[in-house]
Colleague: 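Take this structure, written in structure tokens, and hold onto it; I'll ask about it next.
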Amino acid sequence: INQSLFFNFMPLPSEQPLYVLYQKTSRAVIPKVVTLLFLSALFYVGVLLNVNQLELQPSEETTIQIGTLTFLLVIVIISTILAVRKAHQPYHFYRSRIVHGKKEIAYTSIVNTEGTTDLLGKMFRTYTINLGNDFHLRHISNEIKIQDYIQQMREYAKRNSSSPSGSPQ
């Protein structure tokens, strides 16, 4: 057996993140749920108005109303579960990159480390950082100051990528 080929196909031990950053769950979930409930109520009122305009038997009206309400409740429940799952997905900071779910950005590709706050961010005391390349750190608690850490990791990655041997100069 050619051992060099064998070791190339073995899975490498997973790299441990240097830092793990979690989103503020309430900021990520509550606005989505409130918006979804409002739009669902608006849709349900529209269905009720349209059903009342049709000349249907009372049992048919009730069936349509219950079906619509059930459909909307299922959508709200599924969307809430998905929003909570996404909000619990942390940002993993590794030696050369940041990973969130299936997306990742190399420190050398980061173009911005300034945080921004919108109206909901002020209400929930959070901020967002657009790192570039459509990669955002969202719903970060104001108590966590991550900008300096990202800047240090960015400078470290640039120093190490500029040296030909891979070791610091």
Side-chain angles (χ1 to χ4, degrees), residues 11 14-94 96-151 153-154:
S14 61
E15 180 183 6
Q16 292 296 317
L18 301 173
Y19 183 72
V20 177
L21 175 65
Y22 290 91
Q23 299 179 58
K24 193 167 184 181
T25 307
S26 59
R27 167 61 179 96
V29 175
I30 291 174
K32 288 182 182 181
V33 171
V34 169
T35 301
L36 192 58
L37 287 172
F38 174 75
L39 292 174
S40 296
L42 196 62
F43 179 76
Y44 188 68
V45 168
V47 168
L48 289 178
L49 291 173
N50 283 315
V51 167
N52 286 336
Q53 295 296 320
L54 299 173
E55 295 179 13
L56 299 174
Q57 299 294 324
S59 63
E60 292 173 326
E61 280 186 29
T62 304
T63 302
I64 291 172
Q65 292 170 355
I66 290 173
T68 303
L69 192 58
T70 304
F71 173 71
L72 290 174
L73 284 175
V74 167
I75 288 178
V76 168
I77 290 169
I78 290 172
S79 298
T80 302
I81 290 169
L82 292 175
V84 169
R85 286 182 68 197
K86 186 174 181 182
H88 283 285
Q89 195 173 50
Y91 295 96
H92 293 276
F93 290 75
Y94 295 98
S96 63
R97 68 196 185 286
I98 302 172
V99 177
H100 184 246
K102 294 180 181 177
K103 293 180 75 172
E104 68 178 60
I105 186 169
Y107 290 118
T108 54
S109 300
I110 293 174
V111 295
N112 178 39
T113 59
E114 290 299 315
T116 59
T117 304
D118 58 4
L119 179 63
L120 288 172
K122 288 179 184 175
M123 289 173 54
F124 287 96
R125 296 183 184 98
T126 61
Y127 64 98
T128 298
I129 301 175
N130 179 1
L131 299 175
N133 296 334
D134 198 33
F135 193 98
H136 298 78
L137 299 178
R138 298 185 193 276
H139 317 306
I140 306 167
S141 174
N142 284 347
E143 298 167 3
I144 300 171
K145 303 297 182 200
I146 196 74
Q147 295 94 331
D148 291 337
Y149 179 76
I150 295 171
Q151 193 62 35
M153 292 304 291
R154 184 175 166 215

Colleague: Using side chain to side chain contact (heavy atoms under 4.5 Å, CB included) as the criterion, list what pairs up with Val45, not counting sequence neighbours.
Modeller: Leu49

Colleague: Identify the two heavy atoms, one from Gly101 and one from Gln89, that lie closest to each other, and give their separation to 0.1 Å.
Modeller: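 Heavy atoms of Gly101 and Gln89 come nearest at CA-NE2, 3.5 Å.
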
Colleague: For Gly115 and Ile129, which heavy atoms make the closest approach, and how far apart are they?
Modeller: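 Scanning both residues, the minimum pair turns out to be CA-CG1, 3.9 Å.
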
Colleague: Say you draw a straight line from CG of Leu131 to CD1 of Ile150; how long is it, rounded to the nearest 0.5 Å?
Modeller: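 So the gap between those two atoms works out to 5.0 Å.
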
Colleague: What salt bridge (Lys or Arg N to Asp or Glu O under 4.0 Å) pairs are there with at least one residue in residues 16-41, not counting sequence neighbours?
Modeller: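 Residue pairs passing salt bridge (Lys or Arg N to Asp or Glu O under 4.0 Å), neighbours aside: Arg27-Asp118.
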
Colleague: With sequence neighbours left out, write down each residue that passes side chain to side chain contact (heavy atoms under 4.5 Å, CB included) with Asp148, or none if nothing qualifies.
Modeller: none

Colleague: Holding to side chain to side chain contact (heavy atoms under 4.5 Å, CB included), I want the full list of residues that pass it with Tyr19, two or more places apart in sequence or in another chain.
Modeller: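 Testing Tyr19 for side chain to side chain contact (heavy atoms under 4.5 Å, CB included), a comparison that skips the adjacent residues, returns Leu21, Phe93, Ile144, Ile146, Tyr149.
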
Colleague: Got a sec, which residues hit ring-ring contact (aromatic ring centres under 6.0 Å, His included) with Tyr91, two or more places apart in sequence or on another chain?
Modeller: His100

Colleague: Report the residues that fulfil salt bridge (charged side-chain N to carboxylate O under 4.0 Å, His left out) with Glu104, sequence neighbours left out, ordered by chain and then residue number.
Modeller: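 Glu104 satisfies salt bridge (charged side-chain N to carboxylate O under 4.0 Å, His left out) with Arg97 once adjacent residues are dropped.
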
Colleague: Quick one: side chain to side chain contact (heavy atoms under 4.5 Å, CB included) partners of Asp134, sequence neighbours excluded?
Modeller: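 Here the qualifying residues are Lys103, His136.
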
Colleague: Between atom CE of Met123 and atom OG1 of Thr117, what is the distance when rounded to the nearest 0.5 Å?
Modeller: 13.5 Å

Colleague: Give the table of side-chain donor-acceptor pairs shorter than 3.5 Å for residues 105-114, with sequence neighbours excluded, one pair per line with atom names and distance.
Modeller:
| unit_1 | atom_1 | unit_2 | atom_2 | d |
| --- | --- | --- | --- | --- |
| Tyr107 | OH | Tyr94 | O | 2.9 |
| Asn112 | OD1 | Glu114 | N | 3.0 |
| Asn112 | ND2 | Asn130 | O | 3.1 |
| Thr113 | OG1 | Gln151 | OE1 | 3.4 |

Colleague: What's the verdict on side-chain contact (heavy atoms from CB on, under 4.5 Å) for Ile98 and Met153, showing C-alpha distance, side-chain angles and the deciding distance?
Modeller: CA-CA 10 Å; Ile98 302 172; Met153 292 304 291; over 6 Å; no

Colleague: Among Leu137, Thr116, Asn142, find the one that has a side-chain contact (heavy atoms from CB on, under 4.5 Å) with Tyr127.
Modeller: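 Passing option: Asn142.
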
Colleague: May I have all residue pairs that pass salt bridge (Lys or Arg N to Asp or Glu O under 4.0 Å) and include part of residues 74-94, sequence neighbours excluded?
Modeller: none

Colleague: Of the non-hydrogen atoms in Ala28 and His139, which two are nearest, and what is the gap between them?
Modeller: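 Here Ala28 and His139 meet closest at CB-CD2, 3.6 Å.
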
Colleague: For residues 76-83, tabulate all N or O donor-acceptor pairs below 3.5 Å that involve a side-chain atom, not counting sequence neighbours.
Modeller:
| unit_1 | atom_1 | unit_2 | atom_2 | d |
| --- | --- | --- | --- | --- |
| Ser79 | OG | Ile75 | O | 2.8 |
| Thr80 | OG1 | Val76 | O | 2.7 |

Colleague: Mind listing the side-chain donor-acceptor pairs of residues 61-69 below 3.5 Å, one per line with the distance, residues two or more places apart or on another chain?
Modeller:
| unit_1 | atom_1 | unit_2 | atom_2 | d |
| --- | --- | --- | --- | --- |
| Thr62 | OG1 | Pro58 | O | 2.9 |
| Thr63 | OG1 | Ser59 | O | 2.8 |
| Thr68 | OG1 | Ile64 | O | 2.8 |

Colleague: According to ring pair (Phe, Tyr, Trp, His ring centres under 6.0 Å), does anything in residues 35-60 pair up with another residue at least two apart or in another chain? List the pairs.
Modeller: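 Applying ring pair (Phe, Tyr, Trp, His ring centres under 6.0 Å) to every pair that reaches into residues 35-60, excluding sequence neighbours, yields nothing.
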
